[in-house]
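Taking it in order: structure first as structure tokens, then the write-up.
Just so it is clear, the structure is predicted and the values come from calculations on it, not from any experiment. As the structure lists them, so they are numbered: ligands from 1, and atoms in each ligand from 1.
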Amino acid sequence: MSTREACLGLDRDDPLRSCRDRFIIPEGTIYLDGNSLGVLPRGVAERLATTVKDEWAHSLITSWNDHSWFDLPRRIGDRLAKLIGAPAGTVVACDTISINVFKLLGAALRLRPDRRIVLSDTGNFPTDLYMAQGLIDFLGQSHRLKLVEPEDVEDAITEEIAVVLLTEVDYRTSRLHDMKALTRKAHDRGALVIWDLAHSAGALPVNLEGCEADFAVGCTYKYLNGGPGAPAFLYVRKDLQDRIVSPLFGWWSHARPFAFDLDYRPAEGIIRQQCGTQAILAMAALDAALDVWDDVDMHEVRAKSLAQSELFITRVETLCGKHGVKLVGPRDMTRRGSHVSFTCPQGYAVMQALIADKVIGDFRAPDMIRFGLTPLYTRFVDVWDAAGRLHAILEERGWNRPEWLEQKAVT
Ligand SMILES: Cc1ncc(COP(=O)(O)O)c(C=O)c1O
């Protein structure tokens with residue numbers, strides 16, 4: 001792709017072109033951070049208003065039944081299932097990724113009582129590792145968390161491993177693990193796998209059923225546009241659902257929550273993994289946000305994401321390589337997720353300058369600038385222009401301002 005006009009041509013021919021109108025995107029902004037917080041889909045604000053003004057204000061507590069609030073997490077779970085290759089009844093929207101990792105890891109370890117090692121990699125997102133460390137500490141049964149480099153995971157799956165805990169797409173490098181191969185290897189060695197789909201769901205086709213995955217977790221505030229702090233989800237393969245119990249015996253996972261028994265008895269099926277009362281306003285927002293996916297083919301999303309990644313990488317390397325900007329992660333596009341990171345001298349300040357110039361990405365310590373490509377609303381011309389503006393900032397040292405050198409709380 002050698003010209004801006006060619007990018008405009010690609011946008012005209014894009015089979016996903018009409019999807020952009022389903023979102024509210026500030027005029028003049030090139031938003032390349034949908035891998036962190038997705039943009040606002042049309043219809044979400046209206047749905048929230050209905051939930052608040054009609055259902056909550058007027059129907060009050062009868063809404064749990066009359067507006068089906070109570071089973072919203074399960075119904076949303078079925079909608080999410082379609083996006084991650086899972087059958088109905090295997091996904092529930094609930095809690096946060098962190099809490100869901102704790103619940104599923106706790107449950108999985110009990111299925112492997114003779115093994116003591118949780119295997120993960122150094123590219124995993126810290127909260128997954130922290131939750132594993134916290135659970136291990138809490139259990140006090142001499143489990144340990146073993147970390148290896150991402151490329152060494154396959155070899156490290158041995159008969160000593162109880163659970164493999166992996167994020168499919170690395171939040172920094174974008175490296176994509178081979179879910180099918182690693183799950184098969186884990187099963188061959190008698191281990192279970194928990195997949196974190198934070199950077200996969202809505203970013204690329206996922207086939208949990210086809211990979212015979214045991215467990216998965218994911219969030220909905222990134223590529224699924226559920227809003228800040230939107231509910232997470234979890235997946236449990238059908239045959240495992242009634243063989244595990246969550247370590248958090250919340251009443252929403254009880255077989256008869258409104259019997260108010262004094263003793264815990266887990267429900268059957270995926271709702272066994274719920275805990276307590278869910279944030280219904282956030283669930284309503286997420287439910288409306290998912291409407292944008294109703295007719296979307298994930299293979300088209302993937303094809304566009306890879307084409308945009310290739311365009312962005314080539315153009316940034318060509319224009320900005322001389323300023324020390326270097327690609328992080330695989331060069332083979334098929335081994336990448338849908339975001340692109342580069343190491344960049346003064347990366348934090350460069351990103352602040354870029355944001356001031358209305359190209360929004362983010363910064364990941366120690367030295368990476370990161371850009372999310374979200375094919376439902378990112379255009380080829382955005383990708384072209386973003387690289388051009390990055391180049392201009394580097395050429396003109398536009399990042400060199402004292403206020404951009406000091407890091408804010410959220411980077
Ligand atoms: C791979 C991964 N897991 C987990 C999280 C965050 O988990 P939580 O939703 O519990 O904050 C993130 C956040 O970006 C992430 O990238």
Original post:
If you measure from atom 1 (C) of ligand 1 to every heavy atom of T96, I99, D196, L129, which option wins on shortest distance?
Top reply: D196
Using a 4.0 Å cutoff against the non-hydrogen atoms of [X], which atoms of ligand 1 qualify?
{"X": "D128", "result": "3 (N), 4 (C)"}
{"X": "T167", "result": "1 (C)"}
{"X": "K222", "result": "13 (C), 14 (O), 16 (O)"}

Original post:
Regarding Q274 and D95, is there a side-chain donor-to-acceptor distance under 3.5 Å anywhere?
Top reply: no
Subject >> Between N124 and T167: side-chain donor-acceptor atoms closer than 3.5 Å >> reply: yes
What protein heavy atom sits nearest [atom], and how far off is it?
{"atom": "atom 9 (O) of ligand 1", "answer": "Y221 OH, 2.7 Å"}
{"atom": "atom 16 (O) of ligand 1", "answer": "H199 NE2, 2.8 Å"}
{"atom": "atom 10 (O) of ligand 1", "answer": "S98 OG, 2.6 Å"}

Original post:
Looking only at atom types and distance, does a side-chain atom of T173 sit under 3.5 Å from a main-chain N or O of V328, one as donor and one as acceptor?
Top reply: no
Subject >> Residues which pass salt bridge (Lys or Arg N to Asp or Glu O under 4.0 Å) with D14, listed by chain and number, not counting sequence neighbours >> reply: K304
Original post:
From T378 OG1 over to Y31 OH, what is the distance, rounded to the nearest 0.5 angstrom?
Top reply: 10.0 Å
Original post:
What part of I97, side chain from CB on, backbone N/CA/C/O, both or neither, has a heavy atom under 4.0 Å from ligand 1?
Top reply: both
Original post:
Who passes side chain to side chain contact (heavy atoms under 4.5 Å, CB included) against T318, sequence neighbours left out?
Top reply: T314
